[in-house]
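Notes to accompany the following structure.
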Amino acid sequence: MSVKLEHIYKTIGKQTILRDLSLEIHEGEIVGLLGPNGAGKSTLMKILTGLWQFDKGRATVCGVDMGKVPHDVASFVGYLPENNPLYDDMYVKEYLQFMADVSGKQTDVELLIDAVGLRPETGKKIGQLSKGYRQRVGLAQALSGDPKLLILDEPTTGLDPNQLDEIRALIRRLSEGRTIILSTHILQEVSLMCSHVVILSKGEIKADLQDIANVNLQEVFREATCD
């Protein structure tokens, strides 16, 4: 099992962001994390990456007890944040090598470049790349060290239809041998890529769908998030 959360609580200031959250995610799944703004999706992802600690409960990620050694999970988890911060003045290969060196992860940058289809763009600076190829650079960075768990925050936002198809296919391909959690506002993305869907609202899990083959996601989402 890649992720097991039991009765997780997270409070920031006087606001409870996550409340009594329990979830199991198995190896090899592509899990769609859905919810309106303020539902707690970003907070949950930051906890899973070890960036933030939870207040109560128990969390195990890739065999690591997050309550005891949260930072150890960094070697097992790759993370693509929503804003995908990149250094525009660096060349693609230069940037990926730099980030691998900074993280201390053993990484073959040439393999990463081929894995995400960046080979035609390696002679360019990142600032010259299209939105789709910038996302590929972010994915390549997240894949540094060959993580068992890949967490993607809004990975298809702002892409044109051709780029969408390519990134979807890439994410499906990257799921071979690893678990992927992706946060999105786009229900179609979930139905096309995910096998397991979790819907959050006001910090609680309102729906945990293990099989979405015959599910009307729009209807389930509406019912789960209307309070």
* Between CH2 of Trp52 and CD1 of Ile17, what distance do you get to the nearest 0.5 Å? -> 7.5 Å
* Structure fact -> For Tyr87 and Phe98 the tightest heavy-atom approach is CE1-CE2, 3.8 Å
* Identify the heavy atoms of Asp211 and Ala213 that sit nearest to each other, and give their distance. => OD1-N, 3.1 Å
* Under a 4.5 Å cut-off applied to non-hydrogen side-chain atoms, are Ile205 and Leu23 in contact? -> yes
* Asked: What pair of heavy atoms forms the shortest contact from Leu96 to Val137, and how long is it?
  -> CD2-O, 3.8 Å
* Asked: Where the side chain of Lys10 meets the backbone of Gln53, is there a donor-acceptor pair that is under 3.5 Å apart?
  -> yes
* Would you say the side-chain atoms of Lys41 pair up with the backbone N or O of Gly35, donor to acceptor, closer than 3.5 Å? -> yes
* To do: Output yes when a side-chain donor or acceptor of Lys206 lies under 3.5 Å from a complementary backbone atom of Phe221, and no otherwise.
  => no
* To do: Give a yes or no on this: more than 12 heavy atoms of other residues, nucleotides or ligands lie within 6.0 Å of atom CD of Glu6.
  => yes
* Determine, using the 4.5 Å side-chain heavy-atom cutoff (strictly less than), whether Leu209 and Ile30 are members of one ILVMFWY cluster. => no
* Structure fact -> Across all chains, not counting sequence neighbours, the salt bridge (Lys or Arg N to Asp or Glu O under 4.0 Å) partners of Arg119 are Glu110, Asp114
Quiz: residues 140-150 side-chain donor-acceptor pairs under 3.5 angstrom, not counting sequence neighbours:
from: Gln141; atom 1: OE1; to: Tyr95; atom 2: OH; distance (Å): 2.4
from: Ser144; atom 1: OG; to: Thr107; atom 2: OG1; distance (Å): 2.8
from: Asp146; atom 1: OD1; to: Arg178; atom 2: NH2; distance (Å): 2.6

* Structure fact -> Distance col, row Leu139:CG vs Leu174:CG, nearest 0.5 angstrom, shows 6.5 Å
* Are Ile8 and Leu51 grouped together when hydrophobic residues (ILVMFWY) are joined by side-chain heavy atoms under 4.5 angstrom apart? -> yes
* Asked: Between atom CD1 of Ile181 and atom SG of Cys194, what is the distance when rounded to the nearest 0.5 Å?
  -> 10.5 Å
* Are the side chain of Gln135 and the backbone N or O of Pro155 linked by a donor-acceptor pair below 3.5 Å? -> yes
* To do: For residues Thr225 and Pro36, report the shortest heavy-atom separation together with the two atoms involved.
  => CG2-CD, 3.7 Å
* With Arg136, which of Gln163, Glu166, Glu121 fulfils side-chain hydrogen bond (donor to acceptor under 3.5 Å, both in side chains)? -> Glu166
* More than 12 non-hydrogen atoms from neighbouring residues, nucleotides or ligands closer than 6.0 Å to NZ on Lys56, yes or no? -> no
* Salt bridge or not for Arg58 and Asp65, using N-O below 4.0 Å? -> yes
* **Distance-minimising heavy-atom pair for Thr179 and Gly28** => OG1-N, 3.1 Å
* Same hydrophobic cluster for Leu80 and Val31, using side-chain heavy-atom links shorter than 4.5 Å among ILVMFWY? -> no
* Got a donor-acceptor contact below 3.5 angstrom from the Ser2 side chain to the Cys62 backbone? -> no
* Looking at CG of Leu5 and CD of Glu24, how far apart are the two atoms once the value is rounded to the nearest 0.5 Å? -> 9.0 Å
* Asked: Any chain of hydrophobic side-chain contacts (each under 4.5 Å) joining Leu200 to Leu187?
  -> no
* Asked: Regarding Gln97 and Asp101, is there a side-chain donor-to-acceptor distance under 3.5 Å anywhere?
  -> yes
* To do: Using modelled atom types only, decide if a donor and an acceptor are shared between the side chain of Arg172 and the backbone of Leu192 within a distance under 3.5 Å.
  => yes
* To do: Determine whether Val197 and Leu48 fall in the same hydrophobic cluster, where Ile, Leu, Val, Met, Phe, Trp and Tyr are linked whenever their side-chain heavy atoms lie under 4.5 Å apart.
  => no
* Structure fact -> CD of Glu94 to CD1 of Ile126, rounded to nearest 0.5 Å, is 8.5 Å
* To do: Could you tell me whether Tyr91 atom OH has more than 12 heavy atoms of other residues or ligands within 6.0 Å of it?
  => no
* Asked: Testing Val198, Asp153, Thr184 for side-chain contact (heavy atoms from CB on, under 4.5 Å) with Leu33, which one passes?
  -> Val198
* Distance, nearest 0.5 Å, that separates CG of Leu170 from CE of Met193 -> 10.0 Å
